[in-house]
Amino acid sequence: MIKRSLDIAISLVCLLVLTPFMVWIACRMMKKEGKPIFFRQARVGREHRIFVLWRFRTKTNSSKVIRSLPPHPFPKNWDNGVPDAFYFKRDTTQTVTQTGNWLKKYHLDRIPELFNVLKGDMSLVGPSPEVPEIADHYNQYQAQRLRVKPGIICLSQINGYTNQNYGKKIRDDLFYIRNCSVKWDMVIICRALKQRMK
């Protein structure tokens, strides 16, 4: 209850404060890159619930996902869960737009995720939201990360494992879930802000 109340209060205040800035970003994108303004993608939330993730578009081709999907057909080593060594390969057919370049540099492309938090699909802090194609291959151990809402900020992100080592990413996510508290959330948020201010 406390975590959800803080999610609502903080995301609402941030959206009210950042609305003029978001409008400026949208106008800049319309002028330089055109529509669409937002990138939308299906993600998996708590208890395997599918929701639509919102971000500012940063790539030239919005009809494709930002990160390439896992291999098709899935190799046999996926039968027992997502391999620890798995990582997303970037889509080389897309390029980052001029506006998208500085949005990604300062993580401003993720501001619209505050709407997901306000709606209740996400939390400010939690495991990174997974794409359905990956979550469908979770084993019982990996599926534990879906016991809580995904977050804008996650422990594996500030530790540098989001797209480097899937096994370590899962380990960090489960460590967060086992130790979840308001105090722990504040520590993670402060660490994330400190990293992004460098």
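Since the structure is predicted, the reported quantities are computational estimates derived from the model, not experimental observations.
Summarising the geometry, atom CG belonging to D173 is positioned 14.5 Å from atom NZ belonging to K168; distances are rounded to the nearest 0.5 Å. Interatomic distance, OG1 of T58 versus CG of L108, reported as 11.5 Å (0.5 Å rounding). In this structure, the separation between NZ on K59 and NZ on K104 is 6.0 Å, given to the nearest 0.5 Å. If you take CE on M29 and CD1 on I25, they are separated by 8.5 Å, rounding to the nearest 0.5 Å. Interatomic distance, OH of Y176 versus CG of L174, reported as 12.5 Å (0.5 Å rounding). The distance from the OG atom of S11 to the CD1 atom of I111 is 13.0 Å, given to the nearest 0.5 Å.
Minimum interatomic distance between P132 and A42 (heavy atoms only, all atoms of both residues): CD-O, 3.4 Å. Taking every heavy atom of both residues into account, F51 and P129 meet most closely at CZ-CB, 4.0 Å. Contact record, C154 with S128: CB-N, 3.9 Å, taken as the closest heavy-atom pair. The shortest non-hydrogen separation linking S156 to D172 is CA-OD2, 3.6 Å. Contact record, Y166 with P83: CB-O, 3.7 Å, taken as the closest heavy-atom pair.
Shown here is R4, whose CZ atom has more than 12 heavy atoms of other residues, nucleotides or ligands within 6.0 Å. Residue-environment remark: CZ (F115) stays at or below the threshold of 12 foreign heavy atoms within 6.0 Å. Enclosure of atom CG in L16 by more than 12 non-hydrogen atoms of other residues, nucleotides or ligands within 6.0 angstrom is indicated.
Under 3.5 Å, the side chains of N116 and R110 contain no donor-acceptor pair of N or O atoms.
Within the 4.5 Å cutoff, the side chain of L118 has no heavy atoms near those of the L114 side chain. Using a 4.5 Å cut-off on side-chain heavy atoms (C-beta onward), L124 and V117 make contact. By the 4.5 Å heavy-atom criterion applied to side chains, E33 and T99 are counted as neighbours. At a threshold of 4.5 Å between non-hydrogen side-chain atoms, the residues I50 and V44 count as touching. The closest side-chain heavy-atom distance from I189 to V125 is below 4.5 Å. Looking at K119 and W54, their side chains never come closer than 4.5 Å, going by heavy atoms from C-beta outward. Put simply, the side chain of T97 does not reach to within 4.5 Å of the side chain of K32, judged on heavy atoms. Looking only at side-chain heavy atoms (C-beta outward), L155 and I158 come within less than 4.5 Å of each other.
Classification of the W184-F175 ring pair by plane angle, with boundaries at 30° and 60°, yields perpendicular. Between W78 and H137, the ring planes lie perpendicular to each other; the angle is over 60°, past the 30° to 60° tilted range.
A donor-acceptor pair under 3.5 Å is absent between the side-chain atoms of R49 and the main chain of D121, judged by distance alone. Of the possible donor and acceptor atoms, one in the side chain of R46 sits under 3.5 Å from a partner among the backbone N and O of R147. Remark: side-chain polar atoms of Q144 are paired, donor with acceptor, to backbone N or O of Y141 under 3.5 angstrom. A distance-only check finds no donor-acceptor pair linking the side chain of R43 to the backbone of L53 [under 3.5 Å]. Using modelled atom types, one side-chain atom of R57 and one backbone atom of P36 make a donor-acceptor pair closer than 3.5 Å.
Both L12 and L15 are assigned to one and the same hydrophobic cluster, defined by single-linkage of ILVMFWY side chains at heavy-atom distances under 4.5 Å. M122 and V13 fall into different hydrophobic clusters, defined by Ile, Leu, Val, Met, Phe, Trp and Tyr side-chain heavy atoms under 4.5 Å apart, directly or through other members.
A ring-centre distance under 6.0 Å is found for F56 and F38.
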Quiz item: Can you check side chain to side chain contact (heavy atoms under 4.5 Å, CB included) on T60 and T95, steps first, answer last?
Solution: CA-CA 6 Å; T60 53; T95 56; 3.0 Å; yes

Practice problem: Take Q195 and Q157 through the side chain to side chain contact (heavy atoms under 4.5 Å, CB included) test and state the conclusion after the steps. | Solution: CA-CA 11 Å; Q195 282 185 356; Q157 181 184 85; over 6 Å; no

Self-check item: Full working for side chain to side chain contact (heavy atoms under 4.5 Å, CB included) between E130 and R145
Solution: CA-CA 10 Å; E130 190 63 272; R145 74 189 301 271; 3.7 Å; yes

